[in-house]
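Worksheet: the structure to be examined is printed underneath.
Excluded from the calculations below are hydrogen atoms, water molecules and symmetry mates; all remaining heavy atoms, backbone and side chain alike, are included. Both ligands and their constituent atoms are indexed starting at 1 by order of listing.
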Amino acid sequence: MRFPTEGLLVALSASGVRAARNGLARTPQMGWNNWNTFACSVSSTLLLDTSKLLTEYGLQDLGYKYVVLDDCWSSGRDDNGKLVADSDKFPDGMGAVADALHEQGFLFGMYSSAGEMTCARYAGSLDYEEADAQSFADWGVDYLKYDNCYHMGRFGTPLVSFNRFNAMAEAIKKTGRSILYSLCSWGEDYVHTWGGSIANSWRISGDIYDSFARPDDLCSCTNAADPECIAPGTHCSVLAIINKVAPYIDRGLPGGWNDLDMLEVGHGGMTEEEYKAHFSMWAALKSPLLLGNDLRSMTASSLAIVNNPAIIALNQDPRGRAVQRIQRNLDVPVDRHGVGEAHVWSGPLANGDQVVIFLNAADADLDMAAALEDIFIMDGVGTAPQIRQDWAIHDLWGNSARMSTDDAQALLDAKGADARREFLRSKVDWYNATEVPYAEGLERRDSRLFGERIGTVEAGGEIKVRVQRHSAKVFRLQSISGQDSARKSLLRDEL
Ligand SMILES: *[C@@H]1O[C@H](CO)[C@@H](O)[C@H](O)[C@H]1NC(C)=O
């Protein structure tokens, strides 16, 4: 079966046929979710302390706009069957949290499960969809993460799962409030084939854990379409999730995205290079980017990763195409778990540029290479016009292109909101996506979104690069000789 071409999907979405039809998530949603660090230790204080720091660290103005509360927030249902917020954790109620976040320019995300209980065994929304959607709307909620626990056996075929998740989609629609709908069904029942019809994003795997490549039986399914995949579960490494999404990268499009789960950057279990690779792949695969770390103890290293505007610009690129894997090499040194592989990923960007990622998940440094012929495989098998052009190579992690760890430390150390804003404005000339959205910055060729130019690759040539163990090289190719012809080919394929 061949999936419809991009052109057809553009036409479908233009006529309002495709996706959640709520106009949200035209680029992947960005924000913060408490689960990876805090699990059930939630409170209004945590959410509001965090949102304040998102603003002060300049992250809000890079696009991290959704503050998403995860499980464990309720104390059950009242006599009318309405969900009630835990009054110890949220003394002023959920509406007050939403108001406070809106006041600061954030959007508020909520959590429930399409089951009798949530995953941590609080009241779930199965068969209470309309009442709960109305509560969320009444509270001013802008986003719903909808989990998959305790579904009473209502799964096992795509249609059964679709109906269960569609009940909430319909309930949200009925409220009339604009609420981003984020499915957390762990890739079950081929959600990548139907999620786009009703939701803005859908998880494609079990829960992530803070490991780059360690295999784990709890993340047993290597392929979500495998009928034996009955326990997508948890403990999925960055590499496991990347391998799961590889066959489905074409399912994410403006309005609905493959969700690779919340970020682990800053959690502490990976090296700096591993976190850079993790963040880069999530961005280029067009996953929602939800930070999962404790902002109150953020390190300079993790701040300087998640605030790289050139990487975020890949994620927020208006064309909305994920990178595709063009090389997978398993013949490389493996670690004590038997894991080792190396990939090259490539994908088109709105302005005719191309992103190319060399991902080294082998247990040794590697010399890697990719030919233009393979990099532009999506534009024709050996016939892409881009193969005949010269390209400038921009390193999106080049030192001159990102905030230094010293500057990140100075920003963290600055005392108070005013000092931090001043630092961002005058000391580091920080990119502000609130003022200049990424689409506009890219159009204007704002140098802060284009990394550091490190070389060229000539027509018909290949890129060769040494890649450190457990790291990624992330390049943006920009046509030198044939800017115009690259643009023409892009236009042709969108007609
Ligand atoms: C970014 O721009 C907005 C809108 O002009 C402004 O309110 C905000 O303070 C700016 N952020 C920073 C960090 O300068």
Is the shortest distance from a Lys or Arg side-chain nitrogen in Glu422 or Arg425 to a carboxylate oxygen in the other one below 4.0 Å?
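Here Glu422 does not pair with Arg425 in a salt bridge, since their nearest N and O are not under 4.0 Å apart.
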Salt bridge check: are Glu440 and Arg444 linked by an N-O gap of less than 4.0 Å?
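Answer for the salt bridge query: yes.
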Would you call the rings of Tyr146 and Tyr181 parallel, tilted or perpendicular if under 30° counts as parallel and over 60° as perpendicular?
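Tilted, since the angle between the ring planes falls between 30° and 60°.
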Output field: ring centroids Tyr431/Tyr438 closer than 6.0 Å
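So the answer is yes for these two rings.
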Is the Trp73-Trp35 ring centre distance short of 6.0 angstrom?
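No, the ring centres sit 6.0 Å or more apart.
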Provide, to 0.1 Å, the distance between [atom] and the closest protein heavy atom, together with that atom's residue and name.
atom	result
atom 2 (O) of ligand 1	Asn432 ND2, 2.4 Å
atom 14 (O) of ligand 1	Arg425 NE, 3.3 Å
atom 5 (O) of ligand 1	Glu435 OE2, 3.0 Å
atom 8 (C) of ligand 1	Asp61 OD2, 3.5 Å

List every atom of ligand 1 that sits less than 4.0 Å from any heavy atom of Leu424, numbering the atoms from 1 in the order shown and giving each element.
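Near Leu424, the atoms of ligand 1 are 13 (C).
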What are the atoms of ligand 1, with element, lying closer than 4.0 Å to any heavy atom of Arg421?
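With Arg421 as reference, the close atoms of ligand 1 come out as 9 (O), 14 (O).
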